[in-house]
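Presented below is the structure to which this report refers.
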Amino acid sequence: MRDGARIAAAIEILDTLTRQHQPVKDAVRDWGKAHRFAGSGDRAWIAGLVLDALRHQASIAHAMGEGSARALALGTVGRIWGLSADEIDALFEGDEHAPEPLSEAERAGLVRDISDAPLHVRADVPEWLEESLLRAFGDAAAEEGHALSSRAPVDLRVNELKADFDKAFKEVSSKLKAAENTPLVRSGIRIAQRDPRGKAAAAESIPAYGKGWVEVQDAGSQLAALAAGARPGLQILDYCAGAGGKTLALSALLMNTGQVHAWDLDWRRLRAIWPRLKRAGSRNVQVHDGNEDKALSEFAEKMDVVFCDAPCTGTGTWRRRPDAKWRLKPAALEKRMAEQDTVLDRAWRYVKPGGRLVYVTCSVLPEENGDRVTAFLDRTDAFKPVPALDVIEASGHLAEGARAMLEPCVGEHGAIQLSPGRTDTDGFYICVMERVG
């Protein structure tokens, strides 16, 4: 397919999303099934344009003067991908499948200055979240919102149960030439996405992944796992374990000693954990599901660490799931906040005296993060905050110079708020609390 036809396809998909409100992955997949002539490179190019249009939907619509599918696609090609109006028209020339040439209004939109636009427009966030973004980042709110609208790299965690870093890096870089060390985690590998029109790194198809030498895991998530302070022999409860990404990291940190108990209320969320445990060679993990009191009662006040990756709005993952940004509503935030309070009120019961409770979200909203911790500490005098950065550094897994990068992320309660703008990671919140008495 020529680029003009690809842009037309992206417009078609964006129009479908407007009318049917389906997940973007489903819309792209359905388009591909209906257009079998499109190769994998075509589909990746088109999907990239659709996702970038959703990432920057508010600012592009403001600049272009409308939020139609055509305006979003053309505005993305021009304002985000950097093609001039003449270059775009040149793509369309002679291509019967391309969109109509640019209008004068569209040409003006491609170069319009929006520096005086409202914050939520410049930050590309829903208007109702503007105040939350300001609370989280202050004067850097627009910059952070823009970073949340960027493309995310692919991060890998070296599984030291099976391979040391040098061995794994050599294997990965032989297949993925863009591989480089992450600046934050000693055992991390990053494959940057530099070309907005290129295909994402196929990390899960390389031999090192199949052999269990590496796992796909954002560097921020890797840091969150380090906050558990895991060391050989500990007993850890991964409360709300889900698909088990952090369970695997905790298992490796324990070097297959001690025990990681992975629990989730819904067994369906745990389905992916079994093949992942086998591939990783994790032998110190017990998986529990269903009724909490039946599954976990024997662990009351016995765990060295309870790790709570709490349910949240996922605002910190908007780089990867831009369509979720525009579907999020105030009622959903209120529901998550109530769930987070429940998680903290129940999970702490499993922490033994002197043990630690680690509260983590993949959110940048203070309502889900510091506010929830403050409310929890007000409800109980059984815990005191511990500086999360000190715990992470004590693990010995930080990359050289990483502490200096993370110190500006430290806030109330010694918690860390990661973000794409600050750390080029997803927006993880990490708080460590110690049980006293």
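It should be emphasised that the depicted structure is a prediction, and the values quoted were computed from it without experimental measurement. Only this structure's heavy atoms are used, side chains among them; waters, hydrogens and symmetry mates stay out.
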Keeping [X] on the side-chain end and [Y] on the backbone end, is there a donor-acceptor pair under 3.5 Å?
X	Y	value
Ser173	Phe169	yes
Ser149	Arg55	yes
Trp326	Leu54	yes
Asp264	Gly242	yes
Ser282	Val285	no
Glu215	Val158	no
Trp31	Val28	no

Any side-chain heavy atom of [X] sitting closer than 4.5 Å to one from [Y]?
X	Y	result
His261	Ile236	no
Asp345	Arg379	yes
Pro387	Val410	no
Leu148	Trp318	yes
Arg356	Phe307	no
Val154	Glu204	no
Arg231	Leu254	no

| request: Measure from the ring center of Phe299 to the ring center of His288 and say whether it is less than 6.0 Å. | output: yes
| Does Phe376 have its ring centroid less than 6.0 Å away from the ring centroid of Phe383? | yes
| Is there a side chain to side chain donor-acceptor pair (under 3.5 Å) between Ser419 and Glu144 once you walk through the steps? | CA-CA 7 Å; Ser419 69; Glu144 287 288 346; 2.8 Å; yes
Over 12 non-hydrogen atoms of neighbours within 6.0 angstrom of [atom1] in [X]:
X	atom1	value
Arg321	CZ	no
Asp139	CG	no
His397	NE2	yes

| task | Quick one: do Asp238 and Thr247 satisfy side chain to side chain donor-acceptor pair (under 3.5 Å)? Show the steps, please. | result | CA-CA 6 Å; Asp238 187 359; Thr247 300; 2.5 Å; yes
| message | If the condition is side chain to side chain donor-acceptor pair (under 3.5 Å), which residues does Thr374 pass it with, not counting sequence neighbours? | response | His413
| field | side chain to side chain donor-acceptor pair (under 3.5 Å) involving Glu367 - partner list, sequence neighbours excluded | value | Ser132
| said: If you apply the rule ring-ring contact (aromatic ring centres under 6.0 Å, His included), what do you find for Trp267 with Trp274, and how did you get there? | reply: CA-CA 11 Å; Trp267 66 268; Trp274 299 106; over 10 Å; no
| query | Are a donor atom and an acceptor atom from the side chains of Thr16 and Gln22 found within less than 3.5 Å of each other? | reply | no
| Are Tyr350 and Glu292 close enough, and set up right, to give a side chain to side chain donor-acceptor pair (under 3.5 Å), and what steps lead you there? | CA-CA 11 Å; Tyr350 305 107; Glu292 179 182 346; 2.7 Å; yes
| How would you list all residue pairs meeting side chain to side chain donor-acceptor pair (under 3.5 Å) that involve residues 299-312, not counting sequence neighbours? | Lys246-Asp309, Glu301-Arg435, Asp304-Lys352
